[in-house]
Each structure stands twice: as structure tokens, then as C-alpha cells.
K.L.:
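My questions will all concern the structure given below.
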There are 2 protein chains.
Amino acid sequence: MNSSPRRGRRPGSPDVRAEILAVARARFRREGYDAVTMRSLAAEAGVDAALISYYFGSKAGLFAAVLELTLSPADLLGGLLQGDLETLPQRLIPTLVRTWDNPDTGVPLLAAMRAAASDPGFAAMLRDGIHRQLVERLAERIGGADAHRRAGAFVTQVGGLILTRYVIAAEPLASMTADEIVRALGPALRTALLGPLPTARRTS
Amino acid sequence: MNSSPRRGRRPGSPDVRAEILAVARARFRREGYDAVTMRSLAAEAGVDAALISYYFGSKAGLFAAVLELTLSPADLLGGLLQGDLETLPQRLIPTLVRTWDNPDTGVPLLAAMRAAASDPGFAAMLRDGIHRQLVERLAERIGGADAHRRAGAFVTQVGGLILTRYVIAAEPLASMTADEIVRALGPALRTALLGPLPTARRTS
DNA sequence: TACCGTAGTTCAACCGTGATGAATTCTTCG
DNA sequence: CGAAGAATTCATCACGGTTGAACTACGGTA
């Protein structure tokens, strides 16, 4: 009934919510979603476990908040899309590898992938995010009738890189350098993006 | 003390172990690893929950037994590797799509992927399987200095297809037909496998 | 035949998980 | 100062996988 925005107790100690978020971010990063329990997390943050549900609704809600805080996958693409499409693969791959190899950004991303693999709700979030922020923006940049198909193919290839190198960590990709990956995958990525070279098109 | 292999009670009801395995296979297929509880599974199989631990050690052990029973991913590759490498993509993709679209084989495969994404032990199993049964056999078939790099690139692309279409179900790949996928990904797969067309090789 | 070892089976608990609701403290407004 | 409401604590719930102790039935052995 009262229009004043906040009433009641303000905490003397500043922002418990932020404290939980900070600890959760570090723990999820280091140990993944399942391994982190709400109780241990609350203990480390020095708060009661019930506060996590109070502030974030559930453990999944907390995880979503951490992701939202940490990730902005579309930002990377912005600058890259400005340049020449021909060279997009060799510009994208090093950036991507740097992002995923850096624990600060890579481990949350990996955690997001893992969560999406097990929880249908997270999968839907990731699916929408990929489609809206990556596929459609890329398709717009490509233009033409095949744009969506090519964008989808390109994103698929990038997904393969992430799956193979980071989620499964399968050789030989897991231990390649960024340059080697560019050499190994660059041509295929370019083909996905722009189609086979016109002079050599095959009718199949 | 006694050299005879088995003594003691033979069960009157035939093979409880097999019964558990059959029920587990159906349930895991339909509902995935996490959603199936040992208690409900035991109830459906008409046995005590402790018997699962008794026979399979743990829930993960049961899952591994189900996978071993169901999957033989390398079999597919055998025939395909016989043919021309040039046409491997357009022969592989329809087979792959058929296998993953068919619930009998696809859902266990998907369950295996999901399990590998969350459990490091399963991830190691999958990693070794991919490397030993897919990458190395493909590399051997390709031959030459670049064989491993190309095989790795190829398997990566295929992984991308699986991740995008089946694990995340992201558009536009999720609703393409096999033919459309061949058109969208075929050229890139061919490039990964055989390198860019020689006449158009670029220096950078 | 009587016994005994053991595999198969059951039952009851243990411990740890995320979640919930009532009670309690503290801060701010009227 | 009181009342209201947010922040916090506590006890408890239902459920998960797992464990160990009992109990049962069968086959080999004395």
C-alpha cells in the first residue's frame, strides 16, 4: 500500500545477496553445478542456506544469476562481424579459444554447457540464446537466400569445436594451439560460411 | 576353498540381473539418467533397490552396463570407411541422422552424451572411445601426414552436428531433413576431411 | 541324511541433497 | 514509541543413493 520503494530492515553488513553471488560464482567456476551444494556454499559465504532460496528462489535460479552476471557471449561476435566474412574463421577461432581457455570466462561457459546438457530448462535458455544472438545476427550479416542455412552450419561447426575441445576434451583438438586449430578447421568453417569455392562447385 | 565356480542358492525366478538391465534400459531411454531413481526402477522391475547396488555396484555402474549393452557406435563406421572418401560426408550424414533420430539407438546415445557432460568418468570413457574407435580408424583410412589433424577436424564437425541438433536442438539444424543437412554441412565436412580444393589454396 | 558355506534377497537405517514454513530479530516509517 | 515488514535463523520435510546386518534357499560335503 505504501508507495515508498523499500521499507524495513536494511542490513548492517552490506549486501548479502552480492556476497552469495560472488562466492557462488567462484565455486561454480571451480567445481561445476552439481558438485557445489547449497549448504557448503552458504557456509563459505557465512550465511544461512535458506537465504539462497530466499534471494534466488532455487539453486538453479542462483546458477542462472551467476551466468547472467558472467556471460555475454554475443559481445564477442559484435566486433568480429564488422570485418570481412572471408576472414571471419581465422579471426574468430583465436578469440574463441582465448575466451574458453581463460578460466575466468571459460569455466562458466563450460558450466553453462554442462548444465544445458542435463537440465532441459537450461537447454532451452541456451538454445534461444544461440539462435537469437548468434544464428540470426550472423545470418543477417551473411545475407541472401542461404543465409540461415549457412549461419546454422557455421554455428554448428563452432559448437563442434567447443564440444570436442572443451566438453569432452578429445584429442587431437584438445591439445592444439589456436593457430593449429585455425589451420585444421579454418577451411571447413569458411566453406560452411560461404559455400564451396565457386570455381570448383560440384553438382553432386 | 572350493574350485567349483558357483555354489549356493540358484534363483528360482530367472535372472534378476537381466530383468533389472531390461527395465533400466527402457527407463533410461525414456527419461534420462537423473530422472530415473533406483527405487522406482527397482519397483518396476519387482526387486529390492539394494539389488541394483548388489549387481552393478552403483547407479553409474548400471548405466554403464546399459550403455555397453546398447551401443556400438564404431560398427556404423566400418562399412562407410570402405567407400570413397570423397563421398564419405553424404554417405555418413544420412546414416548418422537415421541412427540418432531412431529412439531405439538415438536416446541411449543422447543419454551417453549427457552423462559425459556431467560426469568426468563417463567423459573419459567417451573421450577414449571417440579417439580409439573413430579418430584413429579414420586417420588410418585417410593416410598421409595430415591424417590425424584431418580426422580430428572431421570428427569435430560431426560432434558439432550432434551437439547442435540433438543435445541442444538449436535451429535451424534441429528441423532439417537429412538431405538438407547434407547440403548445409556436406561441403564443410568434405573440406575438413580432404582440405580445401587444391586449385584454390590460399597462402595465408 | 545332516550340516554348513555362500550367493541371493530383504529390510531398515544412514547421510546428504534441495526446499519450505514458522518463528525471531532488526530496521525504518508513521 | 509502536507497528509493519524485510532479513535471518531454525527445524523439518521428502527424497536421493548407498550400506550393512539379518534372513533364506540351495548345493556341496562329511
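So you know, we letter chains A, B, ... as the sequences are listed, proteins then strands, and number each from 1. The structure displayed is predicted, hence computed values, not measured ones.
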K.L.:
Using 4.0 Å as the upper bound for N to carboxylate O, is an ion pair formed by A:R149 and B:E180?
P.N.:
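Salt bridge: no.
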K.L.:
Using 0.5 Å steps for rounding, measure from the CG atom of B:L163 to the CD1 atom of B:I168.
P.N.:
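CD1 of B:I168 is found 4.0 Å from CG of B:L163.
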K.L.:
How many whole angstroms separate atom CG of B:D34 from atom C1' of D:dG16?
P.N.:
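After rounding, the reported distance stands at 11 Å.
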K.L.:
The side chain of A:S53 lies closest to which of these nucleotides: C:dT20, D:dT8, D:dG17?
P.N.:
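Taking heavy atoms from C-beta onward, the closest nucleotide is C:dT20.
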K.L.:
Would you kindly say whether B:R27 and B:S40 are connected by a side-chain donor-acceptor distance under 3.5 Å?
P.N.:
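There is such a pair between these side chains.
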K.L.:
Identify the pairs formed between an N or O of the protein and an N or O of nucleotides 11-14 of chain C at a distance under 3.5 Å, and give each distance.
P.N.:
| from | atom 1 | to | atom 2 | distance (Å) |
| --- | --- | --- | --- | --- |
| C:dA13 | N6 | B:R39 | NH2 | 3.3 |

K.L.:
Working note: A:D101 + A:Y166, criterion side-chain hydrogen bond (donor to acceptor under 3.5 Å, both in side chains); need CA distance, chi angles, decisive distance, verdict.
P.N.:
CA-CA 9 Å; A:D101 280 346; A:Y166 297 102; 3.0 Å; yes
K.L.:
Distance check, rounded to the nearest 0.5 Å: A:L110 atom CG versus A:I162 atom CD1?
P.N.:
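Nearest 0.5 Å value for the CG-CD1 distance: 10.0 Å.
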K.L.:
What is the distance from OH of A:Y55 to P of D:dA6, rounded to the nearest Å?
P.N.:
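Checked: the OH to P distance equals 12 Å.
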K.L.:
Rounded to whole angstroms, how far apart are CE on B:M38 and P on D:dA14?
P.N.:
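To the nearest whole Å, that distance equals 22 Å.
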K.L.:
Could you tell me the separation between the CD atom of A:E19 and the P atom of D:dA7, rounded to a whole number of Å?
P.N.:
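Value for this atom pair: 16 Å.
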K.L.:
So do the side chains of B:T177 and B:V97 get within less than 4.5 Å of each other, counting heavy atoms only?
P.N.:
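Sidechains of B:V97 and B:T177: no contact.
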K.L.:
Would you say C:dT10 has OP1 or OP2 under 4.0 Å from some side-chain N or O of B:Y54?
P.N.:
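No, no such contact exists.
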K.L.:
Nearest whole Å is fine: how far is C:dA7 C1' from B:R17 CZ?
P.N.:
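Rounding to the nearest Å, CZ of B:R17 and C1' of C:dA7 are 14 Å apart.
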K.L.:
Given side chains that start at C-beta, do those of B:L92 and B:F154 come closer than 4.5 Å, heavy atoms only?
P.N.:
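They are in contact (side-chain heavy atoms under 4.5 Å apart), so the answer is yes.
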K.L.:
Rounded to the nearest 0.5 Å, what separates atom CG in B:L62 from atom CZ in B:R25?
P.N.:
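Nearest 0.5 Å value for the CG-CZ distance: 12.5 Å.
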K.L.:
DNA chain D: B:V36 or A:L51, which has the more 5' nearest nucleotide?
P.N.:
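Result of the comparison: A:L51.
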K.L.:
For B:I20, which of B:V66, B:I52, B:D15 qualifies under side chain to side chain contact (heavy atoms under 4.5 Å, CB included)?
P.N.:
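Going through the options one by one, the only one that passes is B:I52.
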K.L.:
Roughly what angle, to 10°, lies between the helix axis at the start of the helix from C:dT1-D:dA30 to C:dG30-D:dC1 and the one at its end, five pairs per end?
P.N.:
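Answer for the end axes of this duplex: 30°.
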K.L.:
In whole angstrom, what separates B:L41's CG from D:dT18's C1'?
P.N.:
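Computing the B:L41:CG to D:dT18:C1' distance gives 15 Å.
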